[in-house]
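Structure first, then comments.
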Amino acid sequence: MRALVKDTEASEVRLAEVPRPEPNPGEVLVKVRAAAVCGTDLHIAQWTPWAQRAGIRLPLVMGHEFCGDIVEIGPEVTGVRPGDYVAGETHIPCGECFQCRNGLQHICGNLKLFGIHRDGCFAEYATIPAICAHRIPPTVPASVAAVLEPLGTSVRAVLEVQPAGETVAVLGCGPIGLFAVAAAKATGAARVIAADVRAERLKLAQAVGADLALDARHVNVADVILQQTGGVGADAIVEASGSVAAIEGAWKYLRKGGKMALIGLPSDPVRVNLGPDVIFKEARIIGIHGREMFATWTRMEHMLERGLLRVQPAITHEMPLERFAESFELLEAGNGGKVILTP
Ligand SMILES: [Zn+2]
Ligand SMILES: [Zn+2]
């Protein structure tokens with residue numbers, strides 16, 4: 001089968017002919033319908049310091065966001081069967097550690113990641129542990145089903161801050177931020193204010209439902225949000241930029257008693273003045289590492305089935321796997337939204 005392979009640290013990613021994988025006990029073989037490109041893939045392709053520290057063993061078939069059809073099941077698989085339409089959950093739990101036994105398997109103490117610690121989905125076929133092959137409604141189109149993993153991260157963040165009737169600021173309008181805007185609207189946010197530094201992404205933010213899209217290059221985000229909220233500040237912030245400056249600036253306009261969900265990964269430590277910014281404010285800070293398994297998935301699917309999540313505008317490109325280089329370039333330039341690759 002054809003697959004996108006990173007062979008060595010120094011090598012360019014290439015489309016290779018590799019053997020079709022066989023499902024081991026507890027695994028399923030999925031024929032990939034669509035996969036989506038993520039920032040993590042770019043880190044692996046370029047072998048950045050993050051990739052060097054991520055415990056990746058090369059060669060690796062890349063890609064972790066996908067959907068497809070189960071074509072074969074390995075021994076000991078019971079919950080799913082051939083023909084099932086599934087999306088991949090990237091987080092592979094061990095099932096035995098403290099977190100796994102206490103309802104927190106998405107942050108398993110021995111967590112492994114699909115497409116990072118084992119071969120992924122930029123290929124015609126992929127094997128995945130059965131627990132991570134999540135059955136999805138047949139009404140969800142493949143391009144949307146391929147992004148349920150990142151969409152679920154945004155949905156989770158929004159469900160944590162519970163923004164119904166509130167003003168939410170979404171910082172960063174890459175795919176995760178765009179999905180957070182859509183999720184905030186779907187869950188009844190009264191007003192969603194998005195911020196980014198790229199005009200194209202701000203347009204997409206409006207397309208997925210942002211009431212106000214702020215270009216942080218030209219306006220002072222803190223001033224605008226304070227002015228828009230009568231000096232009170234945002235009730236909730238979803239941080240999806242990973243920008244140290246954006247995070248350090250956000251405390252100024254998080255209201256007292258406000259909630260901040262952090263998704264974006266800053267490359268450097270962030271300074272927080274805990275007294276004024278968190279303690280006296282009684283701010284609630286929530287780290288988000290993926291989706292709850294599988295409460296987030298269930299609620300996300302309910303929202304999708306009822307047409308509540310406006311995510312299609314955030315999926316801006318769809319191309320065959322052969323054009324992977326172009327998809328990486330799009331991502332690196334920070335233009336557009338999610339890019340789908342079809343094998
Ligand atoms: Zn991803
Ligand atoms: Zn575990």
Side-chain angles (χ1 to χ4, degrees), residues 4 6 13 26 32 34-46 48 50-51 54-56 60-68 87-123 126 128-132 134 143-157 172-180 183 238-242 262-265 287-294 296-297 300 311 314-317 324 327-328 330-332 334 336-341:
L4 209 57
K6 172 85 173 169
V13 173
V32 177
V37 186
C38 166
T40 302
D41 302 315
L42 209 55
H43 277 286
I44 296 171
Q46 299 174 344
T48 63
W50 179 89
I56 302 167
L60 176 77
V61 173
M62 295 173 53
H64 58 273
E65 302 173 358
F66 79 108
C67 68
E89 164 58 65
T90 302
H91 290 202
I92 304 169
C94 75
E96 288 163 12
C97 71
F98 176 88
Q99 283 79 10
C100 283
R101 286 184 285 106
N102 287 272
L104 295 168
Q105 55 182 335
H106 70 290
I107 47 170
C108 163
N110 307 306
L111 191 65
K112 292 276 177 277
L113 301 171
F114 174 73
I116 292 157
H117 300 127
R118 60 177 283 155
D119 283 344
C121 61
F122 290 156
I128 188 166
I131 188 175
C132 296
H134 187 71
S143 60
V144 174
V147 303
L148 291 185
E149 192 262 28
L151 176 61
T153 302
S154 306
V155 167
R156 164 88 195 291
C173 297
I176 293 285
L178 294 173
F179 292 152
V238 176
E239 203 314 292
S241 74
L262 297 170
I263 314 174
L265 271 183
I288 302 292
H289 187 206
R291 307 132 299 282
E292 285 188 320
M293 295 164 67
F294 287 86
T296 309
W297 285 86
M300 168 169 66
V311 296
I315 302 164
T316 50
H317 298 79
F324 68 91
S327 73
F328 286 9
L330 276 165
L331 192 68
E332 194 169 12
K338 215 52 177 162
V339 183
I340 304 289
L341 293 174

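Both counts, for ligands and for their atoms, begin at 1 and track the order of listing.
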**Message:** For the metal site, I want the angle between atom SG of Cys108 and atom SG of Cys94 with the Zn ion (ligand 2) at the apex, to 10°.
**Reply:** 100°

**Gap separating the NE2 atom of His64 from the CD atom of Glu149, nearest 0.5 angstrom** = 4.5 Å

**With the Zn ion (ligand 2) as the apex, the SG/SG angle for Cys97 and Cys100 - to 10°** = 110°

**Message:** Which atom name does Glu65 have for its N/O/S atom nearest to the Zn ion (ligand 1)?
**Reply:** OE2

**side-chain contact (heavy atoms from CB on, under 4.5 Å) assessment of Leu60 paired with Asp119** = CA-CA 6 Å; Leu60 176 77; Asp119 283 344; 3.9 Å; yes

**Request:** Measure from the side-chain N and O atoms of Lys6 to the backbone N and O of Val13, and report whether any donor-acceptor pair falls under 3.5 Å.
**Result:** no

**Message:** Checking the side chain of Thr316 only, and the main-chain atoms of Gly337 only, is there a donor and an acceptor separated by less than 3.5 Å?
**Reply:** yes

